Amino acid sequence: MSSVLVLNGPNLNLLGTRQPEIYGHTTLSDVEAMCVAHGEARGTLVTCRQSNHEGALVDAIHAAKGTFAGIVLNAGAYTHTSIALHDAILSTEMPVVELHLSNIHARETFRHKSMIAPVAIGMICGFGAIGYTLALDALIAHVGEAK
Ligand code: DQA
């Protein structure tokens, strides 16, 4: 059974109560349960992690190598700033699907730039919590093709 990681960054632990008009009412544990069930239905083991700390996210990407076939990554605000996350993806050569609940291109200009995008397979944004299942499908298809 293939195994993938869903990795969420800063403030995503507050999903459900954080700016629900932008991020929706679904909590992080709802999202994670949805991801696990979605993976199960596709014969893929989904593990979920969240951290508010940039270094912990870097560590999680490093640790993913050899353990997971790929990562769905919502790096939150670190998306727009983190050369360290960019380098971690580059260094591990992990297949990453970048994911955002909101359409970052329809928001403030500082959200238009992604440090993840140049090193990701692709990006899904703007579809709310369902985006995680779209990202999982994209990642599962990618790692299946890569075999
Ligand atoms: C986000 C978008 C980011 O700009 C923001 O900082 C987040 C959440 C999203 O899922 O839409 O924390 O990644």
Side-chain angles (χ1 to χ4, degrees), residues 1-65 67-82 84-86 88-89 92 94-146:
M1 193 187 248
S2 77
S3 187
V4 301
L5 177 66
V6 173
L7 184 58
N8 280 295
N11 300 307
L12 292 161
N13 54 311
L14 301 179
L15 276 183
T17 55
R18 172 195 184 198
Q19 294 178 279
E21 68 286 1
I22 295 176
Y23 299 115
H25 293 277
T26 312
T27 65
L28 181 62
S29 52
D30 291 340
V31 164
E32 292 181 342
M34 185 177 71
C35 288
V36 169
H38 195 77
E40 256 167 30
R42 279 150 189 80
T44 300
L45 194 67
V46 175
T47 298
C48 301
R49 298 273 180 273
Q50 187 274 332
S51 177
N52 292 320
H53 304 278
E54 187 175 13
L57 295 168
V58 170
D59 288 342
I61 293 168
H62 290 181
K65 186 148 181 91
T67 305
F68 300 108
I71 305 173
V72 171
L73 175 62
N74 185 349
Y78 291 138
T79 301
H80 316 298
T81 60
S82 181
L85 288 179
H86 173 108
I89 296 165
T92 56
M94 284 300 290
V96 168
V97 176
E98 178 179 357
L99 181 278
H100 302 284
L101 293 139
S102 64
N103 179 355
I104 56 172
H105 299 289
R107 299 182 62 195
E108 303 96 319
T109 48
F110 66 82
R111 294 184 205 276
H112 296 179
K113 171 87 185 159
S114 168
M115 304 303 293
I116 309 300
V119 289
I121 308 161
M123 181 211 277
I124 289 168
C125 72
F127 295 101
I130 290 300
Y132 283 88
T133 64
L134 302 175
L136 277 170
D137 284 343
L139 182 61
I140 291 166
H142 177 88
V143 298
E145 276 165 20

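In what follows, residues are counted from 1 in the order of the sequence shown. In this text, all values refer to a predicted model and were calculated from it rather than measured experimentally.
- Between A69 and V143 the shortest heavy-atom distance is O-CG1, 3.4 Å.
- Atoms CG and OH, from L101 and Y23 in turn, are 7.5 Å apart once rounded to the nearest 0.5 Å.
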Mind listing the side-chain donor-acceptor pairs of residues 3-16 below 3.5 Å, one per line with the distance, residues two or more places apart or on another chain?
residue, atom, partner, partner atom, Å
N8, OD1, Y132, OH, 2.5
N13, OD1, Q50, NE2, 3.4

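- Identified under the salt bridge (charged side-chain N to carboxylate O under 4.0 Å, His left out) test for residues 24-47, with sequence neighbours left out: R42-D137.
- Heavy atoms from other residues, nucleotides or ligands lying under 6.0 Å from NE2 of H62 number more than 12.
- Counting non-hydrogen atoms of neighbouring residues, nucleotides and ligands closer than 6.0 angstrom, the NZ atom of K65 exceeds 12 such neighbours.
- Put simply, CG on L136 and SG on C35 are 5.0 Å apart, with the number rounded to the nearest 0.5 Å.
- Note that CG of D59 and NE2 of H53 are 11.5 Å apart. Values are rounded to the nearest 0.5 Å.
- Residue I22 holds its CD1 atom at 14.0 Å from NE2 of H100, rounded to the nearest 0.5 Å.
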Just list the side-chain donor-acceptor pairs under 3.5 Å for residues 119-130, sequence neighbours left out, or say none.
none

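- Residues S114 and E98 bring a donor and an acceptor atom of their side chains to less than 3.5 Å of each other.
- Between H86 and M115, the shortest heavy-atom distance links the atoms ND1-O, 2.8 Å.
- Here the shortest heavy-atom pairing between H105 and H112 reads O-NE2, 3.2 Å.
- One distance of note links OG1 of T79 with CZ of F110; it measures 11.5 Å at 0.5 Å rounding.
- Distance check, rounded to the nearest 0.5 Å: CZ of F68 to CE of M94 gives 8.0 Å.
- Between L73 and the choices V97, L99, L139, I89, the side chain to side chain contact (heavy atoms under 4.5 Å, CB included) rule is met once, by I89.
- Taking both residues in full, the closest heavy atoms of L85 and A75 are given as CD1-CB, 3.9 Å, listed atom of the first, atom of the second, then distance.
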* Full working for side chain to side chain contact (heavy atoms under 4.5 Å, CB included) between K113 and H80 -> CA-CA 6 Å; K113 171 87 185 159; H80 316 298; 5.6 Å; no
